[in-house]
Q: 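Got a structure here, written out as structure tokens. Questions coming.
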Amino acid sequence: MSSSNMPSSWSDPRYVSTVVGVLATGVLVFYAALTQSGLVVEEVVFVLLSVTLPATIAYEVARRWS
């Protein structure tokens, strides 16, 4: 039998950071669908930070909570 790499609990830091990252990406896609402008450097940096920052913070909070 092969071992599973799936998180065993909803409080697993990898699971929490993945969920937060997916939600942040969904919010950004929704926002991008509402706007009519093209991408500039500031928007690309904003997108990268707005996905990675919440995911990283959620990972650290979940890691310290458990």
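Start at 1 with the first residue, then count along the sequence.
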Q: Side-chain heavy atoms nearer than 4.5 Å, only ILVMFWY residues, links allowed to pass through others: does that put Val22 and Val51 together?
A: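 In one cluster: no.
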Q: Give every residue pair that meets the salt bridge (charged side-chain N to carboxylate O under 4.0 Å, His left out) criterion with at least one member in residues 20-36, sequence neighbours excluded.
A: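 Pairs touching residues 20-36 that pass the test: none.
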Q: Among all residues two or more places apart in sequence or in another chain, which pass the side chain to side chain contact (heavy atoms under 4.5 Å, CB included) test with Ile57?
A: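 Once residues adjacent in sequence are excluded, the partners of Ile57 under the side chain to side chain contact (heavy atoms under 4.5 Å, CB included) criterion are Leu53, Val61.
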Q: Identify the heavy atoms of Pro13 and Ala62 that sit nearest to each other, and give their distance.
A: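 Closest approach of Pro13 to Ala62, heavy atoms only: CA-CB, 3.7 Å.
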Q: Quick test of your reading: applying side chain to side chain donor-acceptor pair (under 3.5 Å), list the pairs with at least one residue in residues 47-61, sequence neighbours left out, ordered by first then second residue.
A: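 For residues 47-61, and leaving out neighbouring residues, the side chain to side chain donor-acceptor pair (under 3.5 Å) pairs sorted by first residue read Glu60-Arg63.
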Q: What are the two closest heavy atoms between Leu49 and Pro54, and how far apart are they?
A: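 Leu49 and Pro54 have their closest heavy atoms at O-CD, 3.6 Å.
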